[in-house]
Each structure stands twice: as structure tokens, then as C-alpha cells.
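Report on the structure given below.
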Amino acid sequence: MELLKTKVEETSKKITQYGYQEGAGMTRLLYTEEWLSAQNTLLDLFEKSGLQAYSDDVGNIYGRLEGTEFPDQVIMSGSHIDTVVNGGNLDGQFGIEAAFIALQYLKDQHGSPKRSLEVVSLAEEEGSRFPYVFWGSKNIVGIADNDAVKDLTDSKGVNFVDAMKKCGFDFATDRTVRKDIKAFVELHIEQGKVLETEGKQLGVVTSIAGQRRYNITLKGEANHAGTTPMGYRKDTVYAFSKICSQSIDKAKAVGDPLVLTFGKVAPKPNTVNVVPGDILFSMDCRHTDKEKLLGFSDQIIADMRQICASMDIEIDVDLFMDEEPIPMDPTLVDLIDSTFESQGKNYMRMHSGAGHDSQIFAPRIPTGMIFIPSIAGISHNPAEQTHVDDLTIGVEALINVLYELAYK
């Protein structure tokens, strides 16, 4: 336990230095200097630890421990190296560190595995610099859209492909889809407070919630705040307030695992003495059951239309994300569960409300996820933190699962 704890602390320091600013948290965006330094440092760590270190065409970084009996059957673990702007140093990063420490430990204690083990530092997941997500994992499974990123630019006007080339990477003309990965296991901080609230140190993830995201525009009539009687108004903020209140009440009545969020609200003209004639707002709806997700979100949109019709307000609905719930592999979920049970771990089964690289792998490769607690459920924030003992327990848990998959 103490040896692993020391490894956790030492490894974190080596990677956290790239992109971290005191008081501002972690900002490590795809194909930036900080990103490249972190990936190169990982390559160096992998190589010095005796792993076969290599990268692919888009900048995913790997450390491989060759299998003795089934070298072409790869058990992979890791996560993404990029962050949100002003985030923390655990989201994504710790999954890479934990997989690296686990492979080191297994090599030292048990020698070469039967099946090959690989740690992966995925190039990108967050979409924080360019409006494209899961670039790293999508490239591994062969579903990345090169045409979709060729004309993308960041907030400073830098082109996606130019940034990639500056880091020494480029599109592969004959990219080979990985067919040798037999299981992917991702260790991640929960980014919520279920484990902390329930007093559990580990979570066995059974599924990742589906998401439907909307941009919704209401058009009424902007008019003078002093001379327009209340009965004459087409007030879009008033309409939104009805929509928001009614929708949230219905979501609460349904209960977990359904969640509903109105996160962005932009009224126009957004002036103190003008009745707001336009409003743009977002809606994010998530559930682990596809039919319930579709049914609830469709009903909420129908309710919105009814409210707007009664107030003589126009409504335009843009569904810009429609991701189905993704179950983890049942056999792998059971294996993780039984491993934790036999080791006497304090754990629970749960779903993930956030998206992860595992949702890209899961439809194509047997995939499992392990959660460890987040203090106060805080993530995507400089205050993101997990107790070092919980980080260490997560590494121990991952070691046990990878041993079951690669050595037996």
C-alpha cells in the first residue's frame, strides 16, 4: 500500500507539471506545447520502466508489456491526457498514471503476462480546444472523421491539422484499425459524489448514460418595459421560466438516473428596461435507458411547444447531440465485481452520468470502468481532488482486474 502510494504521488508530480498553474488549475489542450511535453514525458517513463513505448499517427501514446502465450490479445487500460480549461489534474490523467503503475507492479511481481498488456495515453477526449471529441479513442477503433477536423480552428484561429503537424503527427493514409484489443478497462475519478455519499471507495460502472442536447430559441416581441402592459407582452424570459420550472419538476418526479439541465441562457436584448423578445437556452437530458431518455425528452419538448403556443411565442428546437446509453460488457462487469468481492473491497455498482472514452470502445471491444471517489463531487475545476488513499485503492483494484484478464 505505502509503496503504491509513493508511486502515485511521484508519477502525478511528473505529469502535473505540464499545464498546471497555481490557482488556475490544469489547462492541457490537444496539440499544445503542454500536451506534447506530457506525452513525451510519458513515453520516456514507459521506456525507462521496461515497457515497449510507441505512439501512433495522431499522438496516442502506448506502453506495452508483451504476452508470452497470446501476444496478439491485448488487454488495454488508460484514459485521456487532455483537460478542460482550468480543470484538475485527475480527470483522465489519473487513469493513465494508474495503468502505468499497475503494469510496472505486475511486471515486477509476476513477470510477463500470458496476454499483452498496454497502457494508453489517449490524445484527446474533451473537445476543449477544437470542437471535436474523443479524437484519440475514435482513431484507435477506426471511426474518426478526418474530413470533419480538417477545417476546424481553435479560438485563436489555429487550424487542427496545422497544430497536429507542428507536434510531429499527421493523418495516416493507410491507418489500421486495432483488432487486437480484447478488453479495455478505464479507471477514472467519479466526478460526482455518489461514492463519497454512500461511503464507498470503488464503483463498478455498469453503463454510461445517453445524452440528448438541444439549443432552443424562443421568439416573442421586444418592447418598452414601462409602456407595455403585462397582458400585451410576448415575454420570452417569462416563457422560459415556465418551461424550466415545469420541466425540472417533472424530472425530479421521475428521479434517478434521469437528469435534466438548462445550463446556458441568453436573453435578448438583455437590457434592464426592455421586455426580452428573444431567448436562446440549452437543454441537456440524460438517462441510462434509451426508451426512457427518448420518451421523457420528447415529452418535455412537446410541453414547451404547448407553453409557447399559449403565449403566442415562436419556438425553434435544434437537437444537436443524440447519444444512446452505452452498457459496459456484462462479462467484464461481473469479473470486476467478483474480483472486488474476493478482495474484500468496499464498492458498489453504479452508472456514469458523464461521457468517457469507454463509450467509444464499448460498442466494439469488451469494456469496463472503475470509479474512485471525488471529494465533494467536484471535477472540471481547480478544486478537483481525491484522497491519496482512495487513489491508491483504485490502483490496487486495477492491478487485480488486469491480473485476472492478462495472467490467467
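Here the structure is a predicted model, which means the values were calculated and not measured. Sequence positions, counted from 1, serve as the residue numbers for this chain. The figures that follow rest on heavy atoms only: side chains count, while hydrogens, waters and symmetry mates do not.
Between E396 and N400, the side chains place no donor N or O within less than 3.5 Å of an acceptor N or O (distance only, hydrogens not considered). Checked by atom type, the side-chain pair H387/D389 shows no donor-acceptor distance below 3.5 Å. Judged by distance alone, the side chains of S374 and E190 never bring a donor and an acceptor atom under 3.5 Å apart. With no hydrogens or angles considered, no side-chain donor-acceptor pair links Y31 and D162 at under 3.5 Å. Checked by atom type, the side-chain pair T16/Q93 shows a donor-acceptor distance below 3.5 Å. Counting only N and O atoms by type, the side chains of D56 and Y62 include a donor and acceptor under 3.5 Å apart. Of the N and O atoms on the side chains of Q39 and S121, at least one donor lies less than 3.5 Å from an acceptor on the other residue. Counted by atom type alone, Y54 and E118 present one or more donor-acceptor pairs between their side chains at under 3.5 Å. No hydrogens or angles considered: nothing links the side chains of Y20 and E34 as a donor-acceptor pair under 3.5 Å. Counted by atom type alone, E404 and T339 present zero donor-acceptor pairs between their side chains at under 3.5 Å.
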task: Apply ring-ring contact (aromatic ring centres under 6.0 Å, His included) to the pair H287 and F296, showing each step before the final yes or no.
output: CA-CA 9 Å; H287 202 294; F296 182 83; 8.6 Å; no

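Heavy-atom contacts from other residues, nucleotides or ligands closer than 6.0 Å to CD of Q17 number more than 12. Other residues, nucleotides and ligands place more than 12 heavy atoms under 6.0 Å from the CZ atom of F130.
The residues R349 and D334 are annotated as salt-bridged, a charged nitrogen and a carboxylate oxygen being separated by less than 4.0 angstrom. K250 has a carboxylate O that lies under 4.0 Å from a charged side-chain N of D303, or vice versa, which qualifies the two as a salt bridge. The pair K242-D235 does not count as a salt bridge, with every side-chain nitrogen at least 4.0 angstrom from each carboxylate oxygen.
Between Y407 and Y403, the two ring planes are parallel [angle under 30°; tilted spans 30° to 60°]. Ring orientation note: the planes of F281 and F240 are tilted relative to one another, at an angle of 30° to 60°. A perpendicular orientation is assigned to the rings of F169 and W35, their planes being inclined by more than 60° (bins at 30° and 60°).
Proximity of T83 to D91: side-chain heavy atoms (C-beta onward) are nowhere separated by under 4.5 Å.
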